[in-house]
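These notes are about the structure you will find just below.
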Amino acid sequence: MGKALLYNCQNGAWISAWGLLCAGLLSMSSTFATEPDIQLRDTCPPSFSLSDDNRCSLRHMYQLYDSLQDSGIGGLKTALPKARDGFSPQQIDLGRLLFFDPILSVDNSLSCATCHNPKQGFSDAMDRSIGINGHVQNRSAPTLWNSAFLSSFFWDARAQSLEEQALGPLFSANEMGNTPEQLVASLNSAVVYKRLFKLAFPNQKTALSVNNVITSLTAFQSSLVSLNSRYDQYAHGYHQALTDNEIAGLNVFRSFVARCSQCHTPPLFTNQQVAVIGTPEPEGLARDVGAEKTFNSKVLRGGFKVPTLRNIAQTAPYMHSGRFKTLREAAEFYTGGRGHAVPKGEDLLLHWHISEPNLTSNEIDQLVDFMKTLSDESFTPATPKQAPSGLPFKHMENAHEKT
Ligand code: HEC
Ligand code: HEC
């Protein structure tokens, strides 16, 4: 009887008189009765090497080059900024389990992966993401690939570290809606987490804490490295990795006419600055002031962080607003004339690299073909088979998967 009732509950077959009972059973069914056999990995993710003191250090080809990214505007053999690394394998793996577990949201409905789904380039295929209770977010979800290299976070650059960033989604009422107390309480109530936190933070008296949730999420996100695209192979000297057409696209990309690489500077494909480029807002919505608010500076009105273009083919729709559905639409924007999408009466101080490149249709196609060579998802981490909390993975297959 109890089982049949639970079955009904999970299928949404609510029978009004049983509603309350159903709710009780459903919340019970959210955690395992006995502790599931979940272990944490003791090896580093690919591309990381393990040190004697149990830390993972990132190794990549760009460490062979010592010229700084800032000094160039498209040189192929250019160094990357220093990455966040040095976390233990257990912290990275605990971060992975937390990232996919809907227990992080107050109503157990969303995980980080709902809006940053590895199947969608760690984004969600939506113009603007949807938080708890159907709250539409103001902006689209950026990719998390290579976030280990970034020095600021969010479209308006309002957070300076992954740790600071994570407080946003976890505790904002419209996103995951949690509170620090509630988060710790629900993790403690899931039988398995106490042991997992102890494994990841063995020397701490209270291993299960908000700080350690955030450290683990940071550790996991810093392991999302994508540096082996066909572009990278070309950059390291394997000429055949790109077709002639894609090389032509790369040349348009770094030309002084298109100027893409002056902001989307290789190898990260962002110079990590904020730029006002005047992309349009969603139909009928007011101007998103962007970085004006962060820096309290009028000249940055409508300014956004230059996003990386790595795995860009996977993360449509594009821009902070998700206004452009395809990569071609995004590329075409730049040739529409300086400020063409800025509404009349709106005074934006556009970046001087936004000009009138008058690219031909063929050159735009080539740009798109080139941007598609920046895909590399070979180190996509495994989605856990089950959430440690026992909560169902429904959040990974809801409306967010629809385009
Ligand atoms: C409801 C959807 C949603 C959920 C859930 C969510 N995010 Fe996000 N995330 C977004 C959106 C939208 C943005 C951009 C917001 C902005 O710029 O104002 C973002 C931005 C980010 C960024 C900044 C990336 C960059 O390059 O600037 C990081 C990192 C991030 N999220 C990590 C997380 C983590 C970790 C979690 C889980 C604790 C999480 N997100 C949960 C939608 C979501
Ligand atoms: C002045 C700096 C600058 C230049 C030059 C520039 N971009 Fe951008 N790019 C940005 C900024 C800033 C954004 C985010 C704007 C927004 O969200 O409104 C962006 C966004 C994009 C996006 C969408 C990324 C995403 O994750 O949604 C693509 C694609 C893109 N640019 C391609 C190009 C191409 C191709 C060129 C050259 C024709 C170019 N950019 C030139 C600054 C620049």
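Just so you know, ligand 1 is whichever comes first in the structure, and atom 1 is the first atom listed for that ligand. All values reported here derive from a predicted model rather than from experimental measurement. Computed from heavy atoms alone, side chains included, the values below leave out hydrogens, waters and symmetry copies.
In this structure, Arg158 satisfies the cation-pi test against Phe154, with its NZ or CZ atom closer than 6.0 Å to the six-membered ring centre and inside 45 degrees of the ring normal.
With hydrogens and angles disregarded, a donor-acceptor distance shorter than 3.5 Å links the side chain of Glu281 to the backbone of Asp288.
The shortest N or O to N or O distance between His320 and ligand 2 is below 3.5 Å. Ligand 2 has an N or O atom lying under 3.5 Å from an N or O atom of Tyr334, backbone or side chain.
Contact annotation: for Gln262 versus ligand 2, there are no heavy atoms closer than 4.0 Å. Residue contacts with ligand 2 for His351 involve side-chain atoms from C-beta outward but no N, CA, C or O (heavy atoms, distance under 4.0 Å).
When Met176, Gln272, Arg128, Lys305 are ranked by how near their heavy atoms come to atom 25 (C) of ligand 1, first place goes to Lys305. The nearest non-hydrogen atom to atom 16 (C) of ligand 1, considering only Phe154, Phe304, Phe171, comes from Phe154.
With 3.5 Å as the limit, one finds no donor-acceptor pair spanning the side chains of Glu246 and Thr373.
Among the atoms of Cys263, none of the N, O or S atoms falls under 2.8 Å from atom 8 (Fe) of ligand 2. Checking His116 against atom 8 (Fe) of ligand 1, an N/O/S atom falls under the 2.8 Å cut-off.
Using a 4.0 Å heavy-atom cutoff, Ile312 is listed among the residues neighbouring ligand 2. Note on ligand 1: Ala166 sits outside its first shell, no heavy atom being nearer than 4.0 Å. Taking 4.0 Å as the cut-off, Trp155 counts as a neighbour of ligand 2 on heavy-atom distance.
Each of the atoms 5 (C) of ligand 1 lies under 4.0 Å from some heavy atom of Ser111.
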*Steps toward salt bridge (charged side-chain N to carboxylate O under 4.0 Å, His left out) verdict (Asp232, Arg310)*: CA-CA 11 Å; Asp232 295 296; Arg310 293 226 170 229; 2.7 Å; yes
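Under the 30°/60° scheme for interplanar angles, the aromatic rings of Phe220 and Phe99 are found to be tilted. Ring orientation note: the planes of Trp155 and Phe304 are nearly perpendicular, at an angle over 60° on the 30°/60° scale.
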